[in-house]
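Below, all heavy atoms of this structure are taken into account, side chains as well, without hydrogens, waters or symmetry copies. Lettering follows sequence order; numbering is per chain, from 1.
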Amino acid sequence: MPARATPAEMQEAIRKVVGGARVSPGKVKLDLPPLIENGNAVPLTVTVESPMTEAQHVRAVHVFTEKNPQPNVASFHLGPRAGRAKVATRIRLADSQNVVAICELSDGSFWSDSAGIVVTLAACLEDGI
Amino acid sequence: MASALINVPPRAKRGEIIEIKTLISHTMETGFRRTQLGAVIPRDIIRRFVCTYNGTEVFSADLHPAIAANPFIVFSTVAIESGTLVFLLDRRQRLLGDGVGEDLGRLDAATRCRAVRAGRRGHRLRRGDPLLPSAARATIS
């Protein structure tokens, strides 16, 4: 098994993305199942409260994990052309852990949400080919 | 190698928000797994995914090994005019930013359209390679 990232490494990865800006809880909603059998494909949806206009929109949504080998999962870049601030994908999770979503708004503010998830079969553990 | 299934409503009212679902056939090999002989299986990740609408970028995503195999990405855009959605994949092996070994596959648009394979098995995507035979137009009325 590769070395795991730690919650401290996740905070470091978040710092790299947000710079020195303050990250406040709220505005963004991270949807994850509370328990998943197979960590190889975990459905994830991030929704942000935003009118998505030229003046007020979501610039980006970043997702991080605490205990995967690498803390970064994905960064989605949106804009007023998106119409709706909602993205969904499927991710891998190596362990039961917290997942954090951070959104960057057009006014430069950062907002976050986190969700804990229990994984019964971790990704990355299956035998090689 | 990389084929894709793209779901875009073929028609939309002007100003309507349309949901776009893309499923790309790709192993997203993490680079953390080993073969039974102990050799590391090299990392092979789609690093970047971009969607353009009549030439303007409307959505992009930076992906990491924590994205599940066969990446499934759902996002939305406002249907402002009839036109073409183009999907681009960047399979650079190295992290974004160093610009080395750029490997850009081009996935030309589609309305409920199944992509054909990029080429023979083992064919590497290069800049301009179409993953779909031709661009399909999304009609916005």
(request) Sort out for me which of B/Thr56, B/Ile20, B/Ile67, B/Val50 touches chain A most, counting heavy-atom pairs under 4.5 Å. (result) B/Ile67
(message) Out of B/Ala69, B/Ala61, B/Ser60, return the one with the most heavy atom pairs under 4.5 angstrom to chain A.
(response) B/Ser60
(request) Please determine, by modelled atom types, if A/Ser75 and A/His62 share a side-chain donor-acceptor pair under 3.5 angstrom. (result) yes
(request) Just say parallel, tilted or perpendicular for the rings of B/Phe75 and B/Phe59, cut-offs at 30° and 60°. (result) parallel
(message) At a 4.5 Å cut-off on heavy atoms, which part of B/Thr22 comes close to chain A: side chain, backbone, both, or neither?
(response) neither
(request) Would you confirm whether B/Arg34, through its side chain, and B/Ala39, through its main-chain N or O, come within 3.5 Å as a donor-acceptor pair? (result) no
(request) Provide the closest heavy-atom pair for A/Val100 versus A/Ser114 in the form atom of the first, atom of the second, distance. (result) CG2-CB, 3.9 Å
